[in-house]
There are 4 protein chains.
Amino acid sequence: MKKKAEERREQILRAAFQAVSDKGYETVTLQDIADYAGVSKGVTNYYFENKEDVFLSLLEWVTDRIYQQEYKAVSKQTTAIEKLEAYLYSVFINPEKNKKFYKVYLDFMAQASRNPQYRQINLKFYENCWKIGRDIVSLGQKEGTFSPDIHVDTASKMIRSIIDGCLIQWLMRDEDHLHEFYKNTCYEVILKYLK
Amino acid sequence: MKKKAEERREQILRAAFQAVSDKGYETVTLQDIADYAGVSKGVTNYYFENKEDVFLSLLEWVTDRIYQQEYKAVSKQTTAIEKLEAYLYSVFINPEKNKKFYKVYLDFMAQASRNPQYRQINLKFYENCWKIGRDIVSLGQKEGTFSPDIHVDTASKMIRSIIDGCLIQWLMRDEDHLHEFYKNTCYEVILKYLK
Amino acid sequence: MKKKAEERREQILRAAFQAVSDKGYETVTLQDIADYAGVSKGVTNYYFENKEDVFLSLLEWVTDRIYQQEYKAVSKQTTAIEKLEAYLYSVFINPEKNKKFYKVYLDFMAQASRNPQYRQINLKFYENCWKIGRDIVSLGQKEGTFSPDIHVDTASKMIRSIIDGCLIQWLMRDEDHLHEFYKNTCYEVILKYLK
Amino acid sequence: MKKKAEERREQILRAAFQAVSDKGYETVTLQDIADYAGVSKGVTNYYFENKEDVFLSLLEWVTDRIYQQEYKAVSKQTTAIEKLEAYLYSVFINPEKNKKFYKVYLDFMAQASRNPQYRQINLKFYENCWKIGRDIVSLGQKEGTFSPDIHVDTASKMIRSIIDGCLIQWLMRDEDHLHEFYKNTCYEVILKYLK
DNA sequence: CATGAATGAGACTTCATTCAT
DNA sequence: AATGAATGAAGTCTCATTCAT
């Protein structure tokens, strides 16, 4: 029953995601994760090599999920503007989810700044995000919506930089009602840059 | 001699800065910090309440130092463009120093996402950065260099968001030679936004 | 089918013997034993009460096997000297097997020094060995080959002491080529003692 | 105060010796050792790298102490026979001490059979014991007490083999009153071998 | 019969903190 | 003012044992 095992792993990762978001990367214990998952302490070590393995798997799982959501949202739209908007609405999904993810993501980036394994996984996430950005910008240029002077690769990097910069600042300010402000302003800045 | 004590504290904070940058917020031990400072283990507990106190003091000290540098650089210039450029050159000082600071800063933001004390200190840093931004944008509007439609407060937030977003992405990519790229593109994006 | 079960137990014991020899009494896990036996983890607990039961059974099984070999070898000979020689050749069978057995045997003796159950099983082994010794010495005295002053019981104890002492020292020195030396010298010492 | 630290280490080793003798090499915990030493759990890790370091130090310490005792006892005597007797009396010191040491020693030999570090330390002990044996045998040959045909190096190996063989068998039989028997018979066997 | 998922006790180890010197 | 020995809480990980399938 490979299926069962895969479900179990995901159950644990889901619990780990919530636990890390609540308590922080280094503070969270395997016991915490087990508690969140409603399983016994030993289970985590049964499905994962060790704590680090849980975290690496978690980073991979969570960034992949985020990417999938973003990709799906963008795919549904046709014009560059629609796609860009869909992308931003998908990224700035809502205060609760953004908080949950960016808390964890900040933890992981802090790790990634010293640990190549985390960095590697994050890079894969970046590549995916950049790809979305590139596609939107290319399309916009073909449509004539965006300036032909913009360098596509560069723009894709900037789009994600601005997004992350905005959401991190928003998170640091810890005021849910500013979410709308950052979403809109982020969109404006990107749009102005691309036109 | 209050002076002596203050020097001692700074000696420890300087060591802590390097130690945290090298090893990470949670990984670093008081022993590490003592080693980096070339003092005995007990000293840290003598000059600081506890580990958390060291870290809070460190965050305050390091963000203040960064702000002072940025402020000084901007002050020396007269036109808005010159000031903006000076600001960015001061922020993107060089790969080594950016790496050292942003590693620590990511650690602290990860903490701040859950701990109000860190958040408070970071907010003070933000306020200072925003003030620099506001002054530049206001001046630019007075000069006629920047668009009068730009909302000054909003712009100041965005400037720092874009900066942090770029430097974090740069750090994650871990390639020193990209520093130049991010500095330049960051400047372009901001400029395009303000004009 | 009682037979099937008995075979299964022996299969596990054989695996346990190799596993303990390789990894050591306390280090070996039930999983190791299962792996060596090519069966699943649960099987061991199915055929044995618990880990201790495996080990007690193993000690009994392995000492019995050793004794049987020695007994058979001695039985084939007729004179005391021949029997003594056969005994020693059977004990000092070859470096590989001696190493395998004495590693495990040392482990068990270490246990036996504190646990009466192991001690009991080892005593049974001793009794068997002493019996072999007694028979040889008695025969030798009847033949006039060995000194009539030798106390038979005492001699039987000494013979095994010398053998074990030699093989343990040989094992500790970890040089296969010394096997010959210890076998020959052991024989000489015993012979000199008996004459 | 290097002295204080050295005393502390010895205090811990002494406690570890008793604890291992009582509970066994693998069964004993660092908590046990701390309890026996009357100190807190952390102390053991303060004075030793880890558990293995405690045990390696213990083996070294205990075998050295044993050797010193034996050496001193032999040194006091003048003739070969006297020295041999003194050696054996020193080795077969009394049931209590022999039991305590050989329990621990069996544990260590079991380890040594797989771990070169333990083997190395034991080898050093062997060399010392063999040296004592060699000196006695050489002297005996010079005196004309022992047969000139005996090979000195070989004899020294055998003496320790017989001693260890006897004491291990004695320990396995777990009857204090047999101590006298093994001591005497061991002496006889060695003497007969040397003459 | 056999499997292997799940449990949870318990061991080692690290380290912030205290405190006598 | 400074040291570093000592404490003990807490976390990770291993593994014997149980039990549903």
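A note on names: the letters A, B, ... follow the listed sequences, proteins ahead of strands, and every chain is numbered from 1. Predicted model, so just to flag it, every value in this text is computed and none were measured. Computed from heavy atoms alone, side chains included, the values below leave out hydrogens, waters and symmetry copies.
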* Would you kindly give the CG-to-C1' distance between B:Asp53 and E:dT17, to the nearest whole Å? => 14 Å

* Asked: Do the charged groups of C:Glu10 and C:Arg14 touch, with an N to O distance under 4.0 Å?
  -> yes

* Short N-O contact, C:Arg114 and D:Asp107, less than 4.0 angstrom -> yes

* Would C:Tyr118 and C:Glu52 count as having a side-chain donor-acceptor pair, cut-off 3.5 Å? -> yes

* Rounded off to whole Å, could you give me the CD-to-P distance for the B:Glu49 and E:dA16 pair? => 16 Å

* To do: Determine whether the side chains of D:Gln11 and D:Arg8 contain a donor N or O and an acceptor N or O closer than 3.5 Å.
  => yes

* Opposite nucleotide pairing with E:dT18, Watson-Crick or G-U, both atom distances under 3.5 Å -> F:dA5

* Asked: Would you say the side chains of A:Asp22 and A:Gln18 form a donor-acceptor pair under 3.5 Å?
  -> yes

* **Protein-nucleotide distance (B:Phe48, atom CZ; E:dT17, atom C1'), rounded to Å** => 16 Å

* Value in whole Å for how far the P atom of F:dC15 lies from CG of C:Asp35 -> 12 Å

* Structure fact -> Separation of F:dG11 atom P from A:Lys23 atom NZ, nearest Å, is 9 Å

* Asked: Distance-only, no hydrogens or angles: does the A:Asn122 side chain make a donor-acceptor pair with backbone N or O of A:Arg119 under 3.5 Å?
  -> no

* Between E:dA5 (P) and A:Gln11 (CD): distance, integer Å -> 14 Å

* Reading nucleotides 7-12 of chain E from the 5' end, what letters show protein touch, with B for base, S for backbone sugar-phosphate only, - for no heavy atom under 4.0 Å? -> BBBBSS

* For atom CD of B:Glu7 and atom C1' of F:dA1, their distance in whole Å -> 15 Å

* Return the nearest nucleotide to the side chain of D:Tyr47; candidates are F:dA1, E:dA2, F:dA6. => F:dA6

